[in-house]
Amino acid sequence: MPDIIVSIISYILPVFALIVLIRCTRSMLSSKSQTEIWGYIHKDEGVALINHWENLIGRSRSADICLPYETVSRVHAVLIRSPKGVWRIFDIFSKGGVWVNGDKVQVNGSVVKDGDVLNLAGNSVRFRDISEKQRDAIEARRTMSWKRVHPAVTLFFLSIFQFLLLIENCINTESEHIAGIGLGFILLILLEWFCYFAMRSIRRTGFEVETIAFFLSTIGLSVIASSVPEEMIRQIVIVFAGVILFFALGWWLRDLDRTKKLRTPLAVLSLAVLAAVLVFAKTQYGAKNWIEIAGISIQPSEFVKVAFIYVGAATLDRLFSTKNLISFIAFSALCVIFLALSSDFGTALIFFVTFLVISFMRSGSIATIALAITGAGMAGFLMLRIKAHVAQRFAAWGHVWEDVYDTGYQQTHAMSAGASGGLFGKGTGNGWLKGTFAGNTDTVFGVMCEELGLIIAICAVLAILVLTFFAVRNSSHGRSAYYSIAACATATMFMVQVALNVFGSVDILPFTGVTFPFVSRGGTSVLACWMLLAFIKAGDTRKGASFVVKPPDAKSRKAKEAEA
């Protein structure tokens with residue numbers, strides 16, 4: 001009888017996984033992003049809307065505020081609003097100069113107030129600011145721009161998916177672990193519903209980003225229940241801590257002035273932590289990336305991922321300063337060097353690709369990116385020459401079946417186990433890959449395929465893809481460049497991790513030992529993933545969905561509804 005129940009559940013689980021993913025995708029990607037209005041520029045041809053806190057002004061069509069005059073430079077100036085509502089304009093080394101009410105703008109910029117006349121290379125325009133009250137009135141008149149796929153219904157389907165996994169895990173586990181597994185899944189279900197109602201209480205209507213994270217965390221919890229059930233309570237505690245950090249970082253990101261002040265200290269601390277790893281960490285399996293504190297092993301590079309994006313996603317007040325871009329390049333280079341010296345090749349690659357995305361979004365320079373790739377290629381060649389551990393993994397790439405008991409052990413076992421699971425899997429706890437070395441971390445994709453089936457494993461990959469497309473899609477509508485760059489950089493980091501984990505397991509890419517976000521067993525990895533998710537949430541531009549984009553004032557909305 002239990003075998004029949006497990007078989008039935010194995011066929012039903014993919015249905016609910018697909019329902020959750022499709023509903024989240026429909027709500028996140030089939031809707032229009034919400035663009036805010038912060039002011040206007042009156043010019044001869046009409047009115048140009050100011051939709052961001054940082055706006056490039058120039059002749060280029062790609063400029064946020066396009067002034068199609070011959071004397072205006074392609075990128076002429078930048079107009080920036082502080083979180084307190086103060087606007088400043090800066091001259092970005094233009095040929096014609098910038099004036100505010102007849103006064104030339106100097107290096108430190110000039111304050112711009114409502115009604116001021118801006119002169120760019122002899123062309124005059126007028127700046128008009130709008131108050132918070134006016135903006136709330138404008139937003140109240142605009143209808144919801146995204147399709148109403150109710151998040152509570154999606155969460156209900158996710159709860160059914162979790163309940164079915166709970167039943168399957170309890171059937172296939174030892175009796176002494178049933179209580180721990182049951183408690184873990186029940187606490188996860190309660191946590192997600194508590195988060196949903198907490199978001200609703202502050203008038204946040206979007207919950208799809210969190211739903212995807214809870215979906216992946218559910219699969220991760222199932223992997224723990226199957227491979228190391230005695231760690232079930234520990235893992236759910238880590239998820240709880242991750243959710244708390246997610247909300248804490250989201251609250252912190254609301255104030256960009258406060259965020260900027262912590263940038264430099266955080267960069268210094270990150271480099272100090274990576275340097276400490278080189279000194280105090282022990283070498284395990286060729287890499288030196290774990291430190292033990294009070295009996296607890298942590299991987300500092302996971303937390304540095306959060307700091308790397310936090311520091312790198314600089315707003316446009318630093319974009320036009322060359323020295324600040326050079327500072328970020330130096331910071332990135334030191335991070336990658338420290339990781340390379342620790343033989344943590346996979347994490348170093350993740351940092352480097354993320355650096356390329358941030359650098360391009362900040363500079364827009366293909367030449368800078370080409371130079372960085374060239375330098376990285378030379379450094380990678382040198383690392384292969386001096387690091388035997390890394391060179392061995394590259395040598396095994398594409399030849400894993402030639403030595404299935406040594407260099408190709410993990411990949412061949414992952415592929416064999418994954419293939420045996422078929423579309424619907426053998427059922428949680430019925431696989432054997434979980435018992436191999438790093439089965440629930442580096443080759444967790446194989447465990448998902450073997451026990452849960454290829455359909456659910458692909459759903460996990462697609463969930464990360466949905467987050468990525470969502471972040472990129474919202475990037476052009478973000479209130480601040482900081483949120484847009486941070487969201488895209490986070491999505492890139494997740495995508496590179498998934499690619500290295502999945503393709504490394506099946507020998508399409510070199511095996512690097514990188515975890516699958518939210519799914520692989522680990523404490524610091526899970527905590528870092530939830531913190532990184534806050535950047536994607538901050539970049540959500542749908543009305544009433546993000547941490548940082550406030551919904552219209554309730555009084556203004558009711559007043560407009562009464563007038564209608």
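Remember, it's a predicted structure, so these values are computed and weren't measured experimentally. Heavy atoms only: backbone and side chains are in, while hydrogens, waters and symmetry mates are out.
Between the side chain of Asn501 and the backbone N or O of Val514, at least one donor-acceptor pair lies under 3.5 Å. Although no hydrogens or angles enter the test, the distance criterion places no donor-acceptor pair under 3.5 Å between the side chain of Arg88 and the main chain of Ile80. Asn101 places a side-chain N or O within 3.5 Å of a backbone atom of Val117 that can act as its donor or acceptor partner. Of the possible donor and acceptor atoms, one in the side chain of Arg126 sits under 3.5 Å from a partner among the backbone N and O of Gly115. Side-chain atoms of Arg23 come within 3.5 Å of backbone atoms of His150 as a donor-acceptor pair (strictly under, hydrogens ignored).
The salt bridge (Lys or Arg N to Asp or Glu O under 4.0 Å) analysis of residues 103-123, with sequence neighbours excluded, yields the pairs Asp114-Arg128.
Side-chain contact check for Phe516 versus Ile219: every heavy-atom pair is 4.5 Å or farther apart. For the pair Pro151 and Thr205, the minimum side-chain heavy-atom distance is 4.5 Å or more. Taking the side chain as every heavy atom from C-beta outward, Leu527 and Phe303 approach each other to under 4.5 Å. Residues Ile57 and Ile89 have side chains in contact (heavy-atom distance under 4.5 Å, counting atoms from C-beta outward). Residues Phe215 and Cys24 have side chains not in contact (no heavy-atom distance under 4.5 Å, counting atoms from C-beta outward). Using a 4.5 Å cut-off on side-chain heavy atoms (C-beta onward), Phe214 and Leu191 make contact. Residues Trp193 and Leu155 have side chains in contact (heavy-atom distance under 4.5 Å, counting atoms from C-beta outward). Ser270 is listed as a side-chain neighbour of Phe331, based on a closest heavy-atom distance under 4.5 Å.
Nearest heavy-atom pair across Asn119 and Ser124 is ND2-OG, 3.1 Å. When all heavy atoms are compared, the tightest approach of Tyr483 to Leu256 is OH-CG, 3.5 Å. Between Ala481 and Glu54, the closest heavy-atom pair is N-OE1, 2.6 Å. The shortest heavy-atom contact between Val111 and Val86 is CG1-CG1, 4.2 Å. The minimum heavy-atom distance linking Lys305 with Phe351 is given by the pair CG-CE1, 3.5 Å. For Ser525 against Thr515, the heavy-atom pair with the smallest separation is OG-OG1, 3.3 Å.
Side-chain contact check for Gln162 and Thr218: at least one donor-acceptor pair (N or O, by modelled atom type) lies under 3.5 Å. Looking only at atom types and distance, the side chain of Thr71 has a donor-acceptor partner in the side chain of Asn123 under 3.5 Å away.
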Could you pull out all donor-acceptor pairs under 3.5 Å where a side-chain atom in residues 306-313 meets a protein atom, sequence neighbours excluded?
{"from": "Tyr310", "atom 1": "OH", "to": "Trp252", "atom 2": "NE1", "distance (Å)": "2.8"}
{"from": "Tyr310", "atom 1": "OH", "to": "Thr259", "atom 2": "O", "distance (Å)": "2.8"}

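Ring-plane geometry between Phe207 and Tyr196 is classed as perpendicular, the angle between the planes exceeding 60 degrees on a 0 to 90 degree scale with a lower cut at 30.
Other residues, nucleotides and ligands contribute at most 12 non-hydrogen atoms within 6.0 Å of the CZ atom of Phe156. Around CG of Asn108, the count of heavy atoms belonging to other residues, nucleotides or ligands within 6.0 Å does not exceed 12.
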Give the C-alpha distance, both sets of side-chain angles, the deciding distance and a yes or no for side chain to side chain contact (heavy atoms under 4.5 Å, CB included) between Phe470 and Ile536. CA-CA 8 Å; Phe470 179 67; Ile536 295 180; 4.3 Å; yes
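With sequence neighbours excluded, the residues satisfying side-chain contact (heavy atoms from CB on, under 4.5 Å) with Ala213 are Phe518, Trp530, Leu533.
When the options Arg200, Lys537, Arg204 are evaluated for a salt bridge (Lys or Arg N to Asp or Glu O under 4.0 Å) with Glu210, the one that passes is Lys537.
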